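Bear in mind that the values here come from a model prediction, so they are computed numbers and not experimental data. Residues take their numbers from the sequence shown, with the count starting at 1.
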Amino acid sequence: QVQLVESGGGLVQAGGSLRLSCAASGRTFSSYTMGWFRQPPGKEREFIARITRNGGSTYYADSVKGRFTISRDNAKNTVYLQMNSLKPEDTAVYYCAASTYSGLYALEEYKYYYWGQGTQVTVSS
């Protein structure tokens, strides 16, 4: 089992950057594929990025590819989401999540068993 806590959200102007962090507690953080999801106001939660257990492979949704970077530091039990060139449509609650699936098979929300509480990101025009 793992507990996840996101931080780093806030208000930023379009074109700006933010870095989100997700701190994990519990045993063997490196055993989990880690993902980031977001839920815009009034919309369903969507997948945006995942990273494999050792950080060797990343995958992004088309909506954020080239702008966002997921990374992890297993020694610190932390996963990050660097967000650059932010757009108003990036406004959402951002969640990190952990999956027991291999990273190649962890692209859908239902495959993530453990979730953080979310952190708000608001991008103004």
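Sorted by first and then second residue, the ring pair (Phe, Tyr, Trp, His ring centres under 6.0 Å) pairs with a member in residues 68-94 form an empty list; sequence neighbours excluded. Listed by first then second residue, pairs satisfying disulfide (SG to SG under 2.5 Å) with a partner in residues 92-125 read C22-C96, not counting sequence neighbours. Legend: ring pair (Phe, Tyr, Trp, His ring centres under 6.0 Å) pairs involving residues 18-51, not counting sequence neighbours, sorted by first then second residue: Y32-Y114, F37-F47, F37-Y112, F37-W115.
Both Y101 and I51 are members of a single hydrophobic cluster when ILVMFWY side chains are connected at heavy-atom separations under 4.5 Å. There is a path of hydrophobic side-chain contacts, each under 4.5 Å, that joins Y95 to L107. Under a hydrophobic clustering in which Ile, Leu, Val, Met, Phe, Trp and Tyr are joined whenever their side-chain heavy atoms come within less than 4.5 Å, directly or via other members, V5 and Y113 fall into different clusters.
Environment of CD in Q13: sparse, with no more than 12 heavy atoms of neighbouring residues, nucleotides or ligands closer than 6.0 Å.
Contacts of R19 classified as salt bridge (charged side-chain N to carboxylate O under 4.0 Å, His left out), with partners at least two apart in sequence or in another chain: none. Every residue was checked against the salt bridge (charged side-chain N to carboxylate O under 4.0 Å, His left out) condition with R72, not counting sequence neighbours, and none meets it. Partners of S124 according to the side chain to side chain donor-acceptor pair (under 3.5 Å) rule, which considers only residues two or more places apart in sequence or in another chain, do not exist here. Residues satisfying the side-chain contact (heavy atoms from CB on, under 4.5 Å) criterion with T28, sequence neighbours excluded, are S30, S31. Considering only residues two or more places apart in sequence or on other chains, S85 meets the side-chain contact (heavy atoms from CB on, under 4.5 Å) condition with R67. With sequence neighbours excluded, the residues forming a side-chain contact (heavy atoms from CB on, under 4.5 Å) with Q3 are S25, listed by chain and number. By the side-chain contact (heavy atoms from CB on, under 4.5 Å) test, V123 is found to be paired with V12, A14, L86, P88, D90, T91, V121, residues two or more places apart in sequence or in another chain being considered.
Scanning both residues, Q39 and E44, for their nearest heavy atoms gives CG-C, 4.0 Å. Minimum heavy-atom separation, S17 to Q82: CB-NE2, 4.0 Å. A24 approaches V2 most closely through the heavy-atom pair CB-CG2, 3.7 Å. Counting all heavy atoms, side chain and backbone alike, T100 lies closest to R53 at O-NH2, 2.9 Å.
None of T78, N74, V79 except one satisfies the side chain to side chain contact (heavy atoms under 4.5 Å, CB included) rule with K76; the exception is T78.
Of the possible polar contacts, one joining the Q117 side chain to the E6 backbone as a donor-acceptor pair under 3.5 Å is found. For T52 (side chain) and G103 (main-chain N/O), no donor-acceptor pair under 3.5 Å exists by modelled atom type.
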May I have the list of side-chain donor-acceptor pairs in residues 56-65 shorter than 3.5 Å, sequence neighbours left out?
| from | atom 1 | to | atom 2 | distance (Å) |
| --- | --- | --- | --- | --- |
| S57 | OG | R50 | NH1 | 3.4 |
| Y60 | OH | I70 | N | 2.9 |

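Here the NZ-OG1 distance, from K111 to T33, works out to 10.5 Å after rounding to the nearest 0.5 Å. Expressed to the nearest 0.5 Å, how far CG of L20 lies from CZ of R38 amounts to 11.0 Å.
Grouping Ile, Leu, Val, Met, Phe, Trp and Tyr by side-chain contacts under 4.5 Å, direct or through others, leaves L11 on its own.
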